[in-house]
Amino acid sequence: MFEILSSFEIALGLITHADAELWGIVWLSIELSVVAAVIGGAMGLPLGAIVGIARFPGRRALIVVLNAMLGLPSVVVGLVFYLLLSRAGPLGEWGLLFTPKAIVIAQAALVVPIVAALTRQVIEDAWAEYAEQMRSLGVGTARAVRTLLWDTRFTLFTVGLAGFGRAASEVGAVMVVGGNIDGVTRVMTTAIALETSKGDLPLALGLGVILIGIVLAVNAAAYGIREWSARRHG
Amino acid sequence: MEMTARAFWRLSLAWVAAATAASTILATRPAEAADRFITVASTTSTEQSGLFKYLLPIFEKKSGIAVHVVAQGTGQALDTGKRGDADVLFVHNRVAEVKFVADGYGVKRFPVMYNDFVIVGPKDDPAHAKGNDVLEGLKKIAAAKAAFCSRADKSGTHAAELRYWKAAGIDIAKDKGPWYRETGSGMGPTLNTASGMNAYALTDRATWLNFKNRGDLVILVEGDKRLFNQYGVMLVNPARHPHVKKEAGQQFIDWLVSPEGQQAIAGYKINGEQLFFPNAGTDN
């Protein structure tokens with residue numbers, strides 16, 4: 001118990017006396033997670049919307065697969081991308097292994113199924129509600145998708161935040177493809193893992209408190225934007 | 001409602017556009033800070049003991065070459081080198097290193113420095129392992145079936161541990177019982193486990209000195225000549241992996257074994273205690 005309390009003290013000390021190194025790690029974590037969430041969202045959102053509305057053979061199987069991917073083991077994703085990006089792998093020429101880009105790729109791969117599966121459910125529910133009305137108005141599918149995406153935008157915004165959360169809290173895949181290189185690919189989660197390895201548990205937890213703070217801040221900002229836009233657009 | 005082909009293509013197009021836009025954000029990310037850098041696959045002990053944090057800035061300032069260290073167990077680091085994902089290896093398992101070079105994966109192995117292994121265990125030492133004979137200590141731990149945490153991760157420390165069991169006449173693969181706990185993880189996590197279970201463990205001294213969550217563990221066996229732990233450095237063979245940065249990599253190796261680099265290694269201390277002892281140019 002004493003250690004948990006002292007870690008809050010350490011977190012406070014880290015923040016008030018933050019050195020360039022800590023800010024570098026904090027900033028890198030935010031930057032990579034946001035980019036990964038945007039890329040993963042850009043891919044997962046349309047995928048989920050299409051599966052939610054379109055009817056095609058194998059759709060049910062695809063939904064089961066998408067939902068199952070919510071539990072995609074991140075260390076396996078890390079390993080797959082490690083083998084793909086390694087110099088001995090098919091994409092080795094790009095030389096991306098142990099770079100921040102490799103981290104974003106692995107994080108995005110983890111974000112896509114979350115965004116796709118949740119979007120699919122959201123859009124499918126909204127479609128069930130409005131399908132008849134839209135049909136009677138003779139609205140085409142593309143237009144219907146656009147309308148539904150717009151109508152459910154606040155829910156989908158939360159879906160995007162879930163994607164960001166997964167990217168920001170990721171450690172297994174990030175450690176494998178990033179290599180936890182000091183000043184290059186060391187992010188909050190891998191820094192926490194390193195301090196845990198060194199047996200400095202209060203410092204590790206102190207960093208954890210800061211990470212939770214970052215995620216809270218990002219979500220608070222997102223909530224604020226949402227409220228503001230809800231008031232503006234009704 | 002059937003989705004029309006046209007609607008489908010339009011959506012797909014929007015999707016590709018969005019993904020491209022996002023990828024562009026990624027691509028325009030400023031290039032990595034230093035264009036001149038090498039990747040070094042090394043061990044958890046050199047990273048977690050704080051040696052690199054002390055050593056690398058000295059080299060980077062002198063050479064202008066940034067050193068990116070990926071800390072892994074020696075077994076994994078050698079594999080990283082084999083795959084061509086590092087330019088230089090800085091590891092501690094002489095037998096495996098010599099084989100690495102003989103197999104054509106590395107150019108030449110240079111001895112750099114040594115430290116030593118110690119056996120840590122609970123203060124009250126239930127197996128009475130305390131002493132300066134590693135083989136006697138292990139025999140007593142096995143006889144008492146006292147809890148022992150093994151790295152079990154093909155690291156240099158794990159390889160050394162297996163050599164000691166064998167030398168002590170114990171076939172650990174056969175004789176291990178529930179008391180022999182294979183953590184399958186790095187030195188730090190294994191020490192965390194040992195500390196939580198009040199178990200014995202073999203560790204390098206540098207990691208131990210820098211380890212804070214000791215609980216009731218203390219050093220029990222030390223000072224045996226056989227506990228010697230040699231580190232070597234090698235350039236990954238550019239003949240096998242043409243992208244290896246051979247000039248910059250060799251420059252780092254040359255500096256490590258130069259009088260200046262050796263002096264820097266000797267200068268790294270925790271609480272006044274020297275962690276690594278330079279011995280470049282010797283036959284180790």
Side-chain angles (χ1 to χ4, degrees), chain A residues 3 31-32 34-36 38-43 45-47 49-50 53-56 82-83 85-89 92-93 95 97-101 104-105 108 127 131 134-135 139-146 178-185 193-203, chain B residues 1-4 6-8 10-12 14-23 25-27 29 32-34 37 39 41 44 47-50 52-53 56 66-72 80 82-86 185-192 195 207 210-215 241 243-244:
Chain A
E3 280 169 332
E31 184 191 9
L32 299 186
V34 166
V35 174
V38 169
I39 293 176
M43 295 169 81
L45 204 73
L47 179 64
I50 290 172
I53 290 186
R55 296 290 178 270
F56 50 87
Y82 181 95
L83 293 173
L85 299 177
S86 163
R87 291 286 186 177
E93 278 172 45
L97 194 66
F98 305 143
T99 68
K101 285 175 188 170
V104 171
I105 292 170
W127 182 236
M134 289 199 188
R135 268 198 212 108
V139 177
T141 309
R143 179 84 190 284
V145 167
R146 274 212 300 272
N180 193 22
I181 297 168
D182 192 12
V184 182
T185 57
L194 177 64
E195 291 309 327
T196 306
S197 285
K198 285 152 95 173
D200 201 339
L201 306 188
L203 177 57
Chain B
M1 181 160 135
E2 286 297 318
M3 195 172 201
T4 62
R6 210 171 133 224
F8 180 80
R10 215 190 277 174
L11 260 176
S12 307
W15 179 10
V16 171
T20 312
S23 309
I25 303 174
L26 184 62
R29 196 176 178 282
E32 314 313 335
F37 73 89
T39 304
T44 52
E47 164 93 6
Q48 288 169 16
S49 63
F52 281 137
K53 223 171 175 86
L56 297 183
V67 181
H68 293 180
V69 176
V70 182
Q72 307 170 319
T80 300
K82 272 185 196 169
R83 305 182 63 89
D85 292 322
S185 55
M187 196 67 256
T190 300
L191 286 173
N192 272 328
S195 158
T207 303
N210 210 29
F211 184 76
K212 302 205 171 60
N213 182 31
R214 295 181 183 177
H241 295 288
H243 59 267
V244 165

### Query
Under a 4.5 Å heavy-atom cutoff, which of Val67(B), Asn192(B), Thr207(B), Thr44(B) has the most pairs with chain A?
Asn192(B)
### Query
Relative to chain A, which of Gly188(B), Ser195(B), Ala41(B) shows the most heavy atom pairs under 4.5 Å?
Gly188(B)
### Task
Kindly write out the residues that satisfy ring pair (Phe, Tyr, Trp, His ring centres under 6.0 Å) with Phe52(B), not counting sequence neighbours, or none if the list is empty.
Phe90(B)
### Message
Tell me whether Asn180(A) contacts the main-chain N or O of Ala71(B) through its side chain, where contact means a donor paired with an acceptor under 3.5 Å.
### Response
no
### Task
Write down the atom of Val69(B), the atom of Ile181(A), and the distance for their closest heavy-atom approach.
O-CG1, 3.4 Å
### Task
Name the member of Asp182(A), Leu85(A), Thr185(A) that forms the most heavy-atom pairs with chain B at distances under 4.5 Å.
Asp182(A)
### Query
Can you name the closest pair of heavy atoms from Gln48(B) and Ser197(A) and give their distance?
NE2-CB, 3.5 Å
### Summary
Correct closest heavy-atom pair for Phe98(A) and Thr80(B) would be CE1-CG2, 3.9 Å
#### Entry: Heavy-atom contact with chain B under 4.5 Å, split by part of Leu194(A)
side chain
### Query
Rounded to the nearest 0.5 Å, how far apart are NE2 of His241(B) and CZ of Arg87(A)?
9.5 Å
### Query
Does any heavy atom of chain A fall under 4.5 Å from the side chain of Lys53(B), the backbone, both, or neither of them?
side chain
### Message
Tell me the closest heavy-atom pair linking Ser86(A) and Asp85(B), and the distance in Å.
### Response
OG-OD2, 2.7 Å
